[in-house]
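Report on one structure; see the data block that follows.
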Amino acid sequence: MLAYLLRRIAMTVPTLLLVSIAVFTLMRLIPGDPVQLMLGEGADPAQLELARQQMGLDQPLVTQYVVWLRHALTGDLGVSTTNGLAVLPLIWERFHVSAVIVLTAVALASLIAVPAGLVAAWRKDRPTDLAIIGAATLMLSVPSFWLGLLLLMFFGQYLHWLPVVGYVPMSEDFSQGLMYVILPIVTLVLVETGVLTRMSRASTIEVLRLEYVTHARAKGVPESQVLRRHVLPNAFNPTLTMIGLILGHLLSGIAVLETVFTLPGLGRLMIDSIFARDYPVLQGCLLFTACIYVVINLIVDMCYPLFDPRVSVQ
């Protein structure tokens, strides 16, 4: 198992290097002169040239990349051209908002979807299965922003139970801050439960067809024990993969939901930096979100042997 983990960790190094090259290249392909945008159209040519020298933009691209990567490895992603704040602390502050919502929502969705998919597969083609898969398909089909608006209108404007706009950090006032994140969490739980339930059902059906399950039943093993000890551990890996993909996607910024619920998350920061042409923040956000994907996939790969020991010998 140790060799498996070391191989997976070693594979992340070239992946992160390629990610950094891709992010750097994409930013350089954006049309326009960032220095011109920072100083304005009426800037003096001498000022433009001086700013390019200070930012290192007069150097060859390879030199620019090496300098940028060296700074990035030390946590220096530059300074925002909009407000003069350091990029990494700004990203981390916004990421904390998104992470609280996403991690809570995905955990709750997994706790609901995995047992629901297991029961649906066990009762395949029966009313229980049809009810679960019908509800999952309905939740999967509803756009998250539309569902969020419906919840805002019902619980915010109609019942007046929850606030409609704004945000209070839970570090300042936990109870008040919790009120602002309930609806975003519920929205994500409803949407992602549909995806995970269908995946859990499909993988469980495949496992139920295997010979060792039939053999266990023929030996008289109770059905609950068959499902818990033989089916669930072997059927969970595909669902775990989907959970990792969902986490990577959502942690990189739920921009639409953050806009609907006016949350100062990472997605909103990225959208704001695009409109403001704040290239250091945008570049930092892209690198940060790409690293999230890589790290989440690494964690998922490291969890596989916990559910299927055969993975560690591959």
Grouping I, L, V, M, F, W and Y whenever their side-chain heavy atoms are under 4.5 Å apart, do [X] and [Y] come out in a common cluster?
X	Y	answer
Val186	Val260	yes
Leu227	Tyr212	yes
Met179	Val181	yes
Leu111	Val102	no
Val207	Phe236	no

TODO: Return each pair, listed once, that meets side-chain hydrogen bond (donor to acceptor under 3.5 Å, both in side chains) where at least one residue sits in residues 175-187; pairs must be two or more places apart or across chains.
DONE: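 Sorted pair list: Asp173-Ser175.
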Open item on the list: Tell me which pairs pass side-chain hydrogen bond (donor to acceptor under 3.5 Å, both in side chains) where either residue lies in residues 115-134, with sequence neighbours left out.
Closed with: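 Found Trp122-Glu223, Asp129-Arg201.
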Please output the side-chain donor-acceptor pairs of residues 138-161 that fall under 3.5 Å, not counting sequence neighbours, one pair per line with the distance.
unit_1 : atom_1 : unit_2 : atom_2 : d
Ser141 : OG     : Thr137 : O      : 2.7
His160 : ND1    : Gly156 : O      : 3.3
His160 : NE2    : Gln157 : O      : 3.0

Just jot down the side chain to side chain contact (heavy atoms under 4.5 Å, CB included) partners of [X], sequence neighbours excluded, or say none.
X	answer
Pro169	Tyr167, Ser171, Glu172
Ser20	Leu17, Tyr65, Trp68, Leu69, Leu287
His96	Val100

Using 0.5 Å steps for rounding, measure from the [atom1] atom of [X] to the [atom2] atom of [Y].
X	Y	atom1	atom2	result
Leu85	Leu90	CG	CG	6.0 Å
Leu16	Met11	CG	CE	12.0 Å
Ile182	Thr104	CD1	OG1	11.0 Å
Ile132	Leu118	CD1	CG	9.5 Å
Leu183	Leu162	CG	CG	4.5 Å

With heavy-atom distances below 4.5 Å as the criterion, would you say the side chains of [X] and [Y] are in contact?
X	Y	result
Leu257	Leu263	no
Val165	Phe261	no
Met199	Val195	no
Leu103	Leu247	yes
Met270	Thr289	yes
Leu286	Met27	yes
Asn297	Thr15	no
Leu245	Ile296	no

Task: Nonpolar side-chain network containing Phe275, other nodes, edges under 4.5 Å - done: Ile271
Task: Remaining members of hydrophobic cluster (4.5 Å side-chain criterion), Leu130 - done: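 Its cluster partners, ordered by chain and number, are none at all.
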TODO: Under the side-chain contact (heavy atoms from CB on, under 4.5 Å) rule, what do Leu232 and Val114 come out as? Steps first, then yes or no, please.
DONE: CA-CA 9 Å; Leu232 180 59; Val114 173; 3.8 Å; yes
Taking all non-hydrogen atoms of both residues, which atom of [X] and which atom of [Y] are closest, and how far apart?
X	Y	answer
Thr25	Ile21	OG1-O, 2.7 Å
Cys285	Ile91	N-CD1, 3.5 Å
Gly75	Leu88	O-CD2, 3.2 Å
Gly244	Val300	CA-CG2, 3.6 Å
Val281	Ser273	CG1-CB, 3.7 Å
Ala72	Leu77	CB-CD2, 3.8 Å

Not counting sequence neighbours, which residues clear side chain to side chain donor-acceptor pair (under 3.5 Å) with [X]? List them please.
X	answer
Asp76	none
Thr12	none
Ser110	none

Check whether any side-chain N or O of [X] sits under 3.5 Å from a backbone N or O of [Y] as a donor-acceptor pair, and report yes or no.
X	Y	answer
Glu258	Arg268	yes
Thr63	Gln59	no
Ser98	Leu266	yes

Open item on the list: Please evaluate residues Val221 and Arg217 with respect to the criterion side-chain contact (heavy atoms from CB on, under 4.5 Å), reporting the C-alpha separation (whole Å), side-chain torsions for both, the decisive distance (0.1 Å), and the verdict.
Closed with: CA-CA 5 Å; Val221 178; Arg217 286 171 170 168; over 6 Å; no
Task: Within 6.0 angstrom of Arg229 CZ, more than 12 heavy atoms from elsewhere - done: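 Check fails, neighbour count at 12 or below.
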Task: Residue list, salt bridge (charged side-chain N to carboxylate O under 4.0 Å, His left out) with Arg70, at least two apart or on another chain - done: none
Task: Residue pair Thr239, Thr204: steps toward the side-chain contact (heavy atoms from CB on, under 4.5 Å) verdict - done: CA-CA 10 Å; Thr239 306; Thr204 302; over 6 Å; no
Task: side-chain contact (heavy atoms from CB on, under 4.5 Å) evaluation trace for Gln283 with Val23 - done: CA-CA 7 Å; Gln283 185 170 253; Val23 170; 3.9 Å; yes
